[in-house]
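Worksheet for the structure shown next.
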Amino acid sequence: MADMAHVVMLVHQEDGRFGASFPDFPGATTVAGDLDTLYRKAAEMLAFHVAGMAEDGEEAPRLRGLDELRGDPGFQEDSGDAMIALVQVELPGRAVRVNISMEEGLLRRIDRAAEATGESRSAFLAQAAKARLSAGA
């Protein structure tokens with residue numbers, strides 16, 4: 001099961017535009033013309049970034065609290081003229097083995113589809129479940 005976490009976000013303003021970055025997720029950035037849009041885009045982008053890390057087999061970094069970040073010289077420099085905010089993101093949990101039953105013809109179709117996309121059966125089923133859950137089912 002995934003866990004919800006609050007991630008520190010730095011917000012910078014330049015030339016009427018707002019930019020967001022995340023000290024614990026280097027390279028994860030986004031920009032917008034107003035703060036409301038920035039918060040929405042930042043949450044979506046960070047969720048996408050974390051999902052991509054999980055798909056690539058990378059572990060999510062250990063999230064640091066504001067007190068710990070303030071002791072980081074890089075954070076001190078980056079946050080000098082920034083507004084500090086929190087964004088909520090769903091961090092993936094660890095993979096667990098499950099035992100399920102299904103009709104054998106369906107399982108063969110799943111295996112063929114997974115092979116065609118270069119995925120394992122587990123990855124294919126997990127993606128199918130995520131898609132179904134995202135569709136509001």
Side-chain angles (χ1 to χ4, degrees):
M1 187 79 191
D3 296 316
M4 294 303 287
H6 289 92
V7 177
V8 172
M9 174 175 76
L10 297 178
V11 178
H12 290 89
Q13 182 180 9
E14 186 176 322
D15 298 327
R17 301 206 33 92
F18 296 91
S21 63
F22 303 89
D24 289 327
F25 293 90
T29 61
T30 192
V31 296
D34 61 80
L35 284 174
D36 289 335
T37 303
L38 181 72
Y39 272 86
R40 181 183 48 74
K41 284 181 67 176
E44 291 171 359
M45 182 279 307
L46 188 57
F48 182 76
H49 184 82
V50 169
M53 291 176 69
E55 287 177 15
D56 292 342
E58 298 177 40
E59 288 189 29
R62 181 182 67 80
L63 300 179
R64 297 174 289 170
L66 193 52
D67 288 339
E68 184 179 355
L69 283 167
R70 285 189 171 136
D72 178 338
F75 178 81
Q76 291 171 7
E77 183 179 333
D78 293 343
S79 66
D81 62 345
M83 177 176 72
I84 299 172
L86 294 175
V87 171
Q88 196 171 34
V89 66
E90 191 173 336
L91 296 177
R94 65 179 182 84
V96 295
R97 179 176 285 284
V98 297
N99 183 17
I100 63 171
S101 299
M102 69 177 61
E103 192 270 321
E104 63 186 342
L106 176 59
L107 185 59
R108 281 193 299 271
R109 289 176 58 204
I110 289 169
D111 287 343
R112 283 193 303 268
E115 184 179 348
T117 60
E119 295 177 287
S120 67
R121 177 191 292 164
S122 293
F124 183 87
L125 290 171
Q127 288 300 323
K130 287 177 187 177
R132 181 80 185 262
L133 292 169
S134 294

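All of these numbers come straight from a predicted model, not from anything done at the bench.
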Looking at [atom1] of [X] and [atom2] of [Y], how far apart are the two atoms once the value is rounded to the nearest 0.5 Å?
X	Y	atom1	atom2	result
Q127	S120	CD	OG	10.0 Å
R112	T117	CZ	OG1	13.0 Å
I110	E104	CD1	CD	12.5 Å

Is it the case that one hydrophobic cluster holds both [X] and [Y], taking links as side-chain heavy atoms less than 4.5 Å apart, direct or via other members?
X	Y	value
V11	L63	yes
L69	I84	yes
L107	L125	yes
L133	F48	no
M4	V8	no

Within the structure provided, determine whether [X] and [Y] are in side-chain contact (heavy-atom separation under 4.5 Å).
X	Y	value
F18	T30	no
F75	D24	no
R17	L38	no
F22	L10	no
Y39	M9	yes
M83	L35	yes

### Query
Under 6.0 Å from the CD atom of E77, do we count more than 12 heavy atoms belonging to anything else shown?
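No, because the 6.0 Å sphere around CD of E77 holds 12 heavy atoms or fewer from other groups.
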### Message
I need the single residue from V87, L86, V89 that forms a side chain to side chain contact (heavy atoms under 4.5 Å, CB included) with H6. Which is it?
### Response
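Looking at V87, L86, V89, the match for H6 under the side chain to side chain contact (heavy atoms under 4.5 Å, CB included) is L86.
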### Query
Would a distance-only check, ignoring hydrogens and angles, find a side-chain to backbone donor-acceptor pair under 3.5 Å from Q76 to R70?
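Side chain of Q76 to backbone of R70, a donor-acceptor pair under 3.5 Å: yes, one is there.
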### Message
Using modelled atom types and a 3.5 Å cut-off, is there a donor and acceptor pairing between side-chain atoms of S79 and backbone atoms of A82?
### Response
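Checking the backbone N and O of A82 against the side chain of S79, no donor-acceptor pair under 3.5 Å is found.
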I need the minimum non-hydrogen distance between [X] and [Y], along with the two atoms involved.
X	Y	value
P26	P23	CD-O, 4.1 Å
A20	A42	CB-CB, 4.2 Å
T29	M45	N-CE, 3.7 Å

### Message
E68: which residues meet the salt bridge (charged side-chain N to carboxylate O under 4.0 Å, His left out) condition with it, sequence neighbours left out?
### Response
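With neighbours one apart ignored, the set is R62.
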### Task
Give the intermediate values and the outcome of side-chain contact (heavy atoms from CB on, under 4.5 Å) for residues F124 and D111.
CA-CA 8 Å; F124 183 87; D111 287 343; over 6 Å; no
### Summary
Contacts of T37 meeting side chain to side chain donor-acceptor pair (under 3.5 Å) (sequence neighbours excluded), chain-then-number -> D34
### Query
In the hydrophobic clustering (ILVMFWY, side-chain contacts below 4.5 Å, transitive), which residues join V31, or is it alone?
none
